Amino acid sequence: QVQLVESGGGLVQAGGSLRLSCAASGRTFSTYYMGWFRQAPGKEREFVGATRWSIGGTDYTDSVKGRFTISRDNAKNTVYLQMNSLKPEDTAVYYCAGGPFVAGDGPRSLRQYAYWGQGTQVTVSS
């Protein structure tokens, strides 16, 4: 089992920046992908980006490419989501997630993520 705890959300003006953190504990060695998802009111949860926990590499949804960056600190068992040039449409609850590798699906599939954090609210004002 892996426990995930997000932090760093808040209220920011459009064009501003925030950095979210996701601290992992437990059987982190079993984790393949660490992903970030978000869910706005009345909308489905959507993929934001992901990294491979042990070997790196990243994937981002088109709407955040060039603005968001995922990084990881394996020594601290922490993954970060640096969000720059924030827009009001980025407002959502942001979740980090992880899980063992599931063959046949890529990092954008929910099937890759058995463990989820509690979420942190990000609000971008115009």
Side-chain angles (χ1 to χ4, degrees):
Q1 192 79 341
V2 175
Q3 295 78 40
L4 303 173
V5 178
E6 301 102 333
S7 61
L11 173 64
V12 64
Q13 289 187 332
S17 299
L18 281 175
R19 188 177 80 157
L20 306 184
S21 300
C22 176
S25 60
R27 298 169 59 91
T28 58
F29 59 85
S30 67
T31 298
Y32 189 79
Y33 288 116
M34 287 293 292
W36 288 95
F37 291 77
R38 64 187 180 186
Q39 188 166 18
K43 295 188 176 181
E44 293 187 352
R45 191 168 298 188
E46 66 168 345
F47 172 81
V48 175
T51 184
R52 287 175 291 185
W53 179 246
S54 297
I55 60 175
T58 52
D59 181 34
Y60 301 96
T61 192
D62 285 348
S63 63
V64 308
K65 282 181 181 177
R67 300 189 298 123
F68 290 12
T69 302
I70 294 174
S71 61
R72 74 200 197 285
D73 186 334
N74 293 84
K76 295 182 178 180
N77 282 342
T78 300
V79 174
Y80 304 97
L81 179 65
Q82 177 68 43
M83 304 184 294
N84 299 328
S85 302
L86 282 161
K87 304 175 181 180
E89 51 263 44
D90 294 317
T91 295
V93 177
Y94 283 70
Y95 299 89
C96 71
F101 179 72
V102 175
D105 285 336
R108 302 187 183 206
S109 170
L110 289 173
R111 294 180 65 224
Q112 295 288 359
Y113 302 99
Y115 314 116
W116 291 81
Q118 81 286 358
T120 185
Q121 176 70 46
V122 172
T123 303
V124 184
S125 63
S126 57

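In this text, all values refer to a predicted model and were calculated from it rather than measured experimentally. Keep in mind that the numbers below use all heavy atoms, side chains included, and drop hydrogens, waters and symmetry copies.
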Please say whether more than 12 non-hydrogen atoms of neighbouring residues, nucleotides or ligands are located less than 6.0 Å from CD in Gln118. yes
Within one Ile-Leu-Val-Met-Phe-Trp-Tyr cluster: Leu81 and Val12, side-chain cutoff 4.5 Å: yes
Using the test side chain to side chain contact (heavy atoms under 4.5 Å, CB included), find all partners of Ser125 that sit at least two apart in sequence or belong to another chain. Leu11, Gln13
Within this structure, what is the OG1-CG distance for the pair Thr78 and Asp73, rounded to the nearest 0.5 Å? 6.5 Å
Tell me whether Thr91 contacts the main-chain N or O of Val124 through its side chain, where contact means a donor paired with an acceptor under 3.5 Å. yes
Show the numbers, then the answer: is there a side-chain contact (heavy atoms from CB on, under 4.5 Å) between Cys22 and Met34? CA-CA 9 Å; Cys22 176; Met34 287 293 292; 3.9 Å; yes
Give the C-alpha distance, both sets of side-chain angles, the deciding distance and a yes or no for side-chain contact (heavy atoms from CB on, under 4.5 Å) between Val2 and Ser30. CA-CA 9 Å; Val2 175; Ser30 67; 4.2 Å; yes
Does Ile70 share a hydrophobic cluster with Leu110, counting links as ILVMFWY side-chain heavy atoms below 4.5 Å and allowing steps through other members? no
Determine the minimum heavy-atom distance between Arg38 and Glu46, stating which atoms define it. NE-OE2, 2.6 Å
Taking all heavy atoms of Pro100 and all of Ala114, pick out the closest pair and write down the distance. CD-CB, 4.2 Å
Can you tell whether the side chains of Asp62 and Lys65 come within less than 4.0 Å, N to carboxylate O? yes
List, by chain and number, the other hydrophobic cluster members for Val5, where Ile, Leu, Val, Met, Phe, Trp and Tyr join if side-chain heavy atoms come within less than 4.5 Å, directly or indirectly. none
How long is the gap from CZ on Arg52 to CD on Gln112, to the nearest 0.5 Å? 11.5 Å
Under 4.5 Å between side-chain heavy atoms, hopping through other hydrophobics if needed: is there a path connecting Phe47 to Tyr115? no
Once you round to the nearest 0.5 Å, how far does NZ of Lys87 lie from OG of Ser63? 8.0 Å
Compare every heavy atom of Tyr33 with every heavy atom of Gly106, then report the nearest pair and how far apart it is. C-CE1, 4.2 Å
Mind checking whether Phe37 and Tyr113 have parallel, tilted or perpendicular rings, split at 30° and 60°? perpendicular
Between Leu86 and Leu18, does a side-chain contact (heavy atoms from CB on, under 4.5 Å) hold up when you go through it step by step? CA-CA 8 Å; Leu86 282 161; Leu18 281 175; 4.2 Å; yes
Indicate the atoms forming the closest heavy-atom contact of Thr51 with Gly57, along with that distance. OG1-O, 2.8 Å
Pair Leu20-Glu6, side-chain contact (heavy atoms from CB on, under 4.5 Å): steps then yes or no: CA-CA 7 Å; Leu20 306 184; Glu6 301 102 333; over 6 Å; no
Does Lys76 have more than 12 heavy atoms from other residues, nucleotides or ligands lying within 6.0 Å of its NZ? no
Does anything in residues 52-103 pair up under ring pair (Phe, Tyr, Trp, His ring centres under 6.0 Å), and if so which pairs, sequence neighbours excluded? Tyr32-Phe101
Rounded to the nearest 0.5 angstrom, the CG-CZ distance for Asp105 and Arg111 is 4.5 Å
With distance as the sole criterion, is a donor-acceptor pair present between the side chains of Gln121 and Thr123 under 3.5 Å? yes
Shortest non-hydrogen contact from Asn84 toward Gln82: OD1-NE2, 2.9 Å
Please give me the minimum heavy-atom distance between Arg67 and Ser85, naming the atom from each residue. NH1-O, 2.9 Å
